[in-house]
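Below: one structure in structure tokens.
As the structure lists them, so they are numbered: ligands from 1, and atoms in each ligand from 1. As the structure is a computational prediction, the values presented were derived from the model and not from experiment.
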Amino acid sequence: MNILILGSGGREHAFAWKIKQSPTCGQLFIAPGNAGTGYLGENVPIDPTSFPEIGDFVLRKNIELVVVGPEVPLALGIRDYFESRHDIAHIPLVGPGKQGALLESSKDFAKQFMVKYGIPTAGYATFDQTQVEQGLDFIKTQNTPIVLKADGLAAGKGVVICENQQQAEKEFKEMLLESKFGQASAKVVVEEFLDGVEISVFVITDGNSYKILPSAKDYKRIGDGDTGLNTGGMGAVSPVPFADPAFMKKVEDRIVIPTIEGLKSEAIDYRGFIFLGLINVKGEPMVIEYNVRMGDPETQAVLPRVSSDLVDLLWACGTGNLNNAELTIDTRSACTVVMVSGGYPGSYQKGMVIEGLGTATNNLVFHAGTAYHHGRIVTDGGRVLAVTSFDNEIKAALQSVYDTVKSINWQGSYYRQDIGQDLLRWVNKPLETSTE
Ligand code: AMP
Ligand code: GLY
């Protein structure tokens with residue numbers, strides 16, 4: 001079976017790596033891919049939002065399965081485009097249509113959905129540009145910190161946690177009246193702050209059945225101890241030790257099942273991944289956000305733990321047969337550390353030669369912002385590599401991943417030193433009790 005993956009990050013490299021292991025995988029294409037995916041398949045210089053070009057390519061190369069990595073093509077309606085074109089409508093595509101993608105592309109839609117289907121989430125209200133005064137009055141009634149969210153997609157930057165009323169009022173006005181996040185902040189969600197530890201739970205569904213993939217914890221801030229600016233994600237650990245069977249049962253009963261049932265009730269034919277951004281508030285899972293794709297860098301820790309065939313699972317999802325698919329999980333822990341360009345998430349330089357890649361043979365090195373230049377692999381983005389290691393214990397996996405990270409470098413490279421440290425206090429609980 002010829003397969004096309006859309007995207008160019010570490011997540012897509014991890015998909016390519018796992019898909020390539022399947023005996024069912026024929027030719028593998030990644031559009032546009034990166035230097036790492038180029039080892040596993042053929043990189044194709046097509047933008048994942050150029051739908052007609054993708055459709056023509058799929059026909060030309062006899063592609064039988066399309067896997068969409070990032071959210072933007074989903075939010076722009078790549079599934080709807082495929083369904084509208086009679087010559088490609090039959091080709092299974094993993095990823096929801098535009099309506100399903102609203103769970104990620106509109107925070108207001110997601111909040112209304114959660115309230116309607118009784119899914120636990122923070123209290124909120126939404127305001128548009130005609131409701132600035134009402135919004136400011138609402139902010140005055142809120143406890144601090146106050147969370148402000150741009151309604152639309154803002155590349156992970158649209159959430160501001162305000163420590164006091166004055167900051168919240170200023171941010172609120174900038175978002176709504178000065179288009180701080182462009183069209184994305186034409187509506188703003190004002191939300192109650194939830195205090196707890198975050199966890200990402202991944203679900204694959206064909207709209208009827210679902211399967212819960214391994215959970216993971218992401219590390220979003222640039223600095224050790226969760227300090228500094230938000231990033232796309234600086235590391236991940238899977239499984240999350242506090243996500244014991246009792247916690248995961250709550251997640252399934254209160255969040256996963258009502259979400260799948262809610263999508264059905266809304267007549268949204270959802271085929272793809274649902275990424276539940278959760279917060280554990282004193283043992284109770286609450287939803288912070290939905291994403292309609294896998295996480296990056298969580299995928300780089302989650303997919304290596306899937307021991308069954310990923311192509312079979314994706315095919316079953318895309319063709320509506322998930323009920324019959326197999327999903328088995330390796331009980332070991334996977335730890336991922338992201339190496340970034342100096343200056344990220346602010347401005348940074350590209351084109352630095354990466355040294356030491358050949359020595360990292362014990363662990364998995366997924367590429368994100370990399371490119372080939374005159375026969376060498378150079379940096380080509382903010383997040384450059386994601387290194388993953390496995391072991392029976394998180395501690396040993398962390399030791400191993402950091403050994404590899406230290407052996408790779410380029411001018412200005414940076415990584416967090418404390419990935420996974422916060423989870424060690426839970427590891428006395430045996431990991432085998434995890435429901436995964
Ligand atoms: P999001 O873009 O929705 O993932 O939000 C970015 C980050 O903001 C999340 O990962 C959380 O750390 C934080 N956040 C979002 N909503 C809340 C909330 N209601 N309470 C506390 N933190 C939040
Ligand atoms: N790691 C968070 C995300 O992919 O959105």
Side-chain angles (χ1 to χ4, degrees), residues 7 9-12 14-15 68-72 74-75 103-111 114 119-126 142-163 168 171 175 181 184-185 188-202 215-222 226-238 240 273-282 284-303 336-338 340 345 366 368 382-383 386 416 419 422:
R11 168 182 51 210
E12 287 75 23
F15 266 108
V68 185
E71 65 277 16
V72 172
L74 297 167
L103 283 181
E104 177 166 359
S105 64
S106 168
K107 303 259 185 214
D108 181 48
F109 175 88
K111 295 298 282 189
M114 287 186 262
I119 295 163
T121 189
Y124 84 106
T126 304
Q142 296 298 294
N143 293 326
T144 53
I146 300 169
V147 183
L148 301 187
K149 297 185 171 182
D151 174 57
L153 292 182
K157 299 195 176 75
V159 174
V160 187
I161 297 178
C162 305
E163 294 305 326
E171 285 287 345
M175 284 166 96
F181 299 107
S185 61
V188 173
V189 171
V190 181
E191 191 174 283
E192 173 197 1
F193 179 81
L194 298 174
D195 197 7
V197 189
E198 286 179 56
I199 169 172
S200 308
V201 171
F202 300 96
S215 61
K217 185 170 189 293
D218 180 18
Y219 293 79
K220 286 216 168 77
R221 304 289 193 100
I222 187 72
D226 272 327
T227 52
L229 294 173
N230 251 325
T231 70
M234 296 296 291
V237 175
S238 175
V240 183
F273 294 100
I274 305 177
F275 164 163
L276 304 167
L278 307 180
I279 196 153
N280 175 355
V281 184
K282 299 193 179 86
E284 307 305 322
M286 312 271 290
V287 179
I288 284 195
E289 63 166 347
Y290 284 111
N291 294 308
V292 297
R293 51 172 173 86
M294 288 295 288
D296 188 339
E298 291 98 320
T299 304
Q300 294 90 306
V302 165
L303 286 188
T336 301
V337 174
V338 176
V340 304
F366 296 115
R383 292 195 293 173
R416 265 179 71 162
I419 301 302
D422 57 326

Worksheet entry | Residues D422 and K217 bridged, charged N to O under 4.0 Å | yes
Practice prompt. Name the closest protein heavy atom to atom 2 (O) of ligand 1, giving the residue it belongs to and the distance to 0.1 Å.
Written response: V159 CG2, 3.3 Å
Fill in: Numbering as shown, the atoms of ligand 1 that approach E289 to under 4.0 Å (heavy-atom distance)
1 (P), 2 (O), 3 (O), 4 (O)
Practice prompt. Check each atom of ligand 1 against the heavy atoms of F193 and keep those under 4.0 Å away; list them by number with element.
Written response: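 That gives atoms 20 (N), 21 (C), 22 (N) of ligand 1.
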Item to complete: State whether E104 and R293 are salt-bridged, where the test is any N-O pair (Lys NZ or Arg NE/NH1/NH2 against Asp/Glu carboxylate O) under 4.0 Å.
Response: yes
Practice prompt. Look up atom OG1 in T126 and atom NZ in K107, then write down how far apart they are to the nearest 0.5 Å.
Written response: 11.5 Å
Worksheet, complete the sentence: Separation between CE (M234) and CZ (R416), nearest 0.5 Å, reads 7.0 Å
Item to complete: May I ask you to identify the nearest protein heavy atom to atom 23 (C) of ligand 1, giving residue, atom name and distance to one decimal place in Å?
Response: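 The closest heavy atom on the protein side is I288 CD1, 3.9 Å.
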Fill in: Heteroatom distance test (N230, ligand 1): nitrogen or oxygen, under 3.5 angstrom
no
Response to the item:
Going by the 4.0 angstrom heavy-atom rule, the piece of R293 near ligand 2 is side chain
Worksheet item: Are any of the N/O atoms in D296 less than 3.5 Å from those in ligand 2?
Response: yes
Worksheet item: Roughly how far, to the nearest 0.5 Å, is CG of L276 from CD1 of I288?
Response: 11.5 Å
Worksheet, complete the sentence: Partner of I419 under side-chain contact (heavy atoms from CB on, under 4.5 Å), picked from V237, T336, D218, is V237
Discussion item. Distance under 4.0 Å to a non-hydrogen atom of G295: what atoms of ligand 2 satisfy this?
Written reply: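 Counting from 1, the qualifying ligand atoms are 4 (O).
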Worksheet item: Considering only heavy atoms of E198, which atoms of ligand 1 have at least one such atom less than 4.0 Å away?
Response: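 Taking each heavy atom of E198 in turn, ligand 1 has 9 (C), 10 (O), 11 (C), 12 (O) under 4.0 Å.
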Item to complete: Could you list which atoms of ligand 1 come closer than 4.0 Å to a heavy atom of K220?
Response: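 In order of numbering, the contacting atoms are 10 (O).
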Worksheet item: Which of the atoms of ligand 1 are close to E191, meaning less than 4.0 Å from one of its heavy atoms?
Response: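 Under 4.0 Å from E191, ligand 1 has these atoms: 16 (N), 17 (C), 18 (C), 19 (N).
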Item to complete: With rounding to the nearest 0.5 Å, note down the distance linking CG in L229 to CZ in R221.
Response: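 Between L229 CG and R221 CZ, I get 8.0 Å after rounding to 0.5 Å.
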Worksheet item: Do Y290 and F273 make the cut of ring centroids closer than 6.0 angstrom?
Response: no
Practice prompt. May I ask you to check if ligand 1 and V147 share an N or O to N or O distance below 3.5 Å?
Written response: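 No, V147 has no N/O under 3.5 Å of an N/O on ligand 1.
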Worksheet item: For I146 and V190, what are the C-alpha separation, side-chain angles and deciding distance, and is it a side-chain contact (heavy atoms from CB on, under 4.5 Å)?
Response: CA-CA 7 Å; I146 300 169; V190 181; 3.8 Å; yes
Worksheet item: Under 4.0 Å from ligand 2, counting heavy atoms only, is it the side chain of E298, its backbone, both or neither?
Response: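 Side chain only; the backbone of E298 stays clear of ligand 2.
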Discussion item. Which of the numbered atoms in ligand 1 are under 4.0 angstrom from any heavy atom belonging to K107?
Written reply: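 So the atoms of ligand 1 that pass are 1 (P), 2 (O), 3 (O).
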Practice prompt. State the atoms of ligand 1, each with its element, that fall below the 4.0 Å cut-off from a heavy-atom position in L194.
Written response: 18 (C), 19 (N), 20 (N), 21 (C)
Worksheet item: Would you say T299 and F202 make side-chain contact, with heavy atoms under 4.5 Å?
Response: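 Not touching, per the 4.5 Å side-chain cut-off.
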Practice prompt. Under 4.0 Å from a heavy atom of G232: give me the atoms of ligand 2 that qualify, with their elements.
Written response: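 The atoms of ligand 2 under 4.0 Å from a heavy atom of G232 are 1 (N), 2 (C).
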Worksheet item: Taking atom types as modelled and ignoring hydrogens, do the side chains of Q300 and D296 form a donor-acceptor contact shorter than 3.5 angstrom?
Response: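 Yes.
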Worksheet entry | Nearest protein heavy atom with distance in Å, relative to atom 2 (C) of ligand 2 | D218 OD2, 3.4 Å
Practice prompt. Enter the distance from T144:OG1 to E163:CD here, rounded to the nearest 0.5 Å.
Written response: 7.5 Å
Worksheet entry | Ligand-residue contact atoms, ligand 1 with K149, heavy atoms, under 4.0 Å |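 Answer, ordered by atom number: 3 (O), 15 (C), 16 (N).
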Worksheet entry | Closest protein heavy atom (residue, atom, distance) for atom 13 (C) of ligand 1 | I161 CD1, 3.7 Å
